[in-house]
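Inspection log for the structure reproduced underneath, given as structure tokens.
Below, chains carry the letters A, B, ... as their sequence lines are ordered, and counting in each starts from 1.
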Number of protein chains: 2
Amino acid sequence: MLDNLTEMLKGVLEGCVLEIISRNETYGYEITRQLNALGFADVVEGTVYTILIRLEKSQLVDTTKKPSDMGPPRKFFALNDAGREELQKFWGKWEFVSSKMNELKERN
Amino acid sequence: MLDNLTEMLKGVLEGCVLEIISRNETYGYEITRQLNALGFADVVEGTVYTILIRLEKSQLVDTTKKPSDMGPPRKFFALNDAGREELQKFWGKWEFVSSKMNELKERN
DNA sequence: ATCCGCTACTATGTGTTACTATGTAGTGGT
DNA sequence: ACCACTACATAGTAACACATAGTAGCGGAT
């Protein structure tokens, strides 16, 4: 129905991942499932993993590997201080853009 | 303060331009000014012109050139039926993403 | 024993997009 | 003559989501 969200997700998906991680230390596969459950049904693992690697390189997250009884070992991600700061900045930006968009939409 | 909105504007800026055009037949330079006034202060003409050319190629707008007494002739843009449909789709997508984002943000 | 499905991670390449930078050109004021 | 403002155009860049493919562990069914 609302065919392709890809472009609109640019710049917000990373924030979503940060938010999800901030709630609970978690791992890529699970994050993908949560995003899908949220409604972003077309988001695939490849996308999430590239985001996670980016977050790791930017040193916004700490990682630990833990065994799983359901498959291969899981790489858990947790926000560090820089990550929490980035998350706050993200919501600030979202609030700004989102308010401006609604302003534009409602104005007549 | 909220340093770089670039990535978050991807996918929404085109919709903003569509919305602005839908209100009044207008031209690139003026659209840029309106976006700046809205709060998207860093959006520059080059960005808007590429969007306008894209809209033209996608046949979402009709164009007419009109002389100006303030400078070079202006290229006016107006939405056609396809453009109006696209605009509606855009707001549908925005509504969806935006609601999901707020759901994610508020949930605790 | 073998295959399949699910879990879980990694890597390479592609298309789209906003932005940078630069150039052209018309008008009016000083 | 010069400059600021108006107005449009375009080649190149960086960042991002996504496509695609591969590797690998585990459990259940055939």
Side-chain angles (χ1 to χ4, degrees), chain A residues 3-18 25-36 38 40-58 60-61 63-77 86 90 93 97 100, chain B residues 3-18 25-36 38 40-58 61 63-77 86 90 93 97 100-101:
Chain A
D3 20 68
N4 203 344
L5 299 178
T6 303
E7 293 308 323
M8 208 174 275
L9 289 182
K10 285 188 183 175
V12 310
L13 209 50
E14 181 178 310
C16 292
V17 171
L18 277 173
E25 190 189 46
T26 182
Y27 54 99
Y29 189 81
E30 171 63 19
I31 293 170
T32 311
R33 292 293 90 81
Q34 279 189 243
L35 287 168
N36 295 153
L38 221 203
F40 301 142
D42 294 336
V43 173
V44 294
E45 292 165 54
T47 301
V48 174
Y49 287 115
T50 51
I51 291 174
L52 289 171
I53 287 170
R54 201 159 69 224
L55 293 177
E56 210 178 350
K57 277 189 187 154
S58 319
L60 300 173
V61 290
T63 66
T64 33
K65 221 153 200 176
K66 296 182 187 177
S68 161
D69 52 349
M70 309 271 288
R74 297 166 173 164
K75 191 173 171 186
F76 278 83
F77 295 78
E86 186 63 26
F90 166 76
K93 286 198 246 180
V97 170
K100 294 307 177 184
Chain B
D3 18 69
N4 203 343
L5 298 178
T6 304
E7 292 308 323
M8 209 174 274
L9 290 182
K10 286 188 182 173
V12 310
L13 208 48
E14 182 177 309
C16 291
V17 171
L18 278 174
E25 191 190 43
T26 181
Y27 55 99
Y29 188 81
E30 172 63 19
I31 293 170
T32 310
R33 293 292 89 83
Q34 279 189 244
L35 286 169
N36 295 152
L38 222 203
F40 300 143
D42 294 336
V43 173
V44 294
E45 293 164 54
T47 302
V48 174
Y49 287 115
T50 50
I51 291 174
L52 288 171
I53 288 170
R54 202 159 68 224
L55 293 177
E56 209 178 351
K57 278 190 187 153
S58 319
V61 290
T63 68
T64 33
K65 216 142 203 189
K66 297 183 187 176
S68 162
D69 52 348
M70 309 271 287
R74 297 164 174 167
K75 190 173 170 186
F76 279 81
F77 295 79
E86 186 63 27
F90 167 76
K93 286 198 245 178
V97 171
K100 293 307 177 182
M101 292 295 293

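The environment of CG in A:Asp42 is sparse: at most 12 heavy-atom neighbours from other residues, nucleotides or ligands sit within 6.0 Å.
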Using a 3.5 Å cut-off and no angle test, enumerate the donor-acceptor pairs between side-chain atoms of residues 43-51 of chain B and protein atoms at least two apart in sequence or in another chain.
from, atom 1, to, atom 2, distance (Å)
B:Tyr49, OH, B:Tyr29, N, 3.4
B:Thr50, OG1, B:Gly46, O, 3.3
B:Thr50, OG1, B:Thr47, O, 2.6

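Taking 4.5 Å as the limit, some side-chain heavy atom of A:Glu25 sits within range of a side-chain heavy atom of A:Thr64. Within the 4.5 Å cutoff, the side chain of B:Ser68 has no heavy atoms near those of the B:Tyr27 side chain.
Ion pair B:Arg33/B:Glu30 not flagged as a salt bridge, since none of the NZ, NE, NH1 or NH2 atoms sits closer than 4.0 Å to an Asp/Glu carboxylate oxygen.
A straight line from CZ of B:Phe90 to P of C:dT17 spans 12 Å, rounded to a whole angstrom. Whole-Å rounding puts the B:Leu55 CG to D:dC8 C1' distance at 16 Å. For the pair B:Leu13 CG and D:dC16 P, the interatomic distance rounds to 17 Å; values are reported in whole Å. Between the P atom of C:dT17 and the CG atom of A:Leu5 lies a distance of 14 Å, rounded to the nearest Å. As a whole-Å value, the separation of B:Glu14 CD from C:dG15 C1' is 14 Å. Rounded to a whole Å, the CD atom of B:Glu7 is 13 Å from the P atom of C:dT17. In this entry the distance linking CZ of B:Arg54 with C1' of D:dT10 reads 14 Å, nearest Å. Across the protein-nucleic acid pair, B:Leu52 atom CG and C:dA18 atom P stand 11 Å apart, rounded to whole Å.
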Protein-nucleic acid N or O pairs under 3.5 Å, nucleotides 7-14 of chain C:
from, atom 1, to, atom 2, distance (Å)
C:dT7, OP2, A:Tyr29, OH, 2.4
C:dT7, O5', A:Tyr29, OH, 3.1
C:dA8, OP1, A:Ser68, OG, 3.0
C:dA8, OP1, A:Arg74, NE, 2.2
C:dA8, OP1, A:Arg74, NH2, 2.3
C:dA8, OP2, A:Tyr27, OH, 3.0
C:dC9, OP1, A:Lys75, N, 2.6
C:dC9, OP2, A:Gly28, N, 3.4
C:dC9, OP2, A:Tyr29, N, 2.9
C:dC9, OP2, A:Tyr49, OH, 2.4
C:dT10, OP1, A:Lys75, NZ, 3.4

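No hydrogens or angles were tested; on distance alone, a donor-acceptor pair under 3.5 Å links the side chain of B:Lys10 to the base of D:dA15.
Applying side-chain contact (heavy atoms from CB on, under 4.5 Å) to B:Val12 and the options A:Lys10, A:Met8, A:Glu7, A:Lys100 leaves one that passes, A:Met8.
The residue B:Ile51 sits close only to the backbone: its heavy atoms come under 4.0 Å of sugar-phosphate atoms, none of a base.
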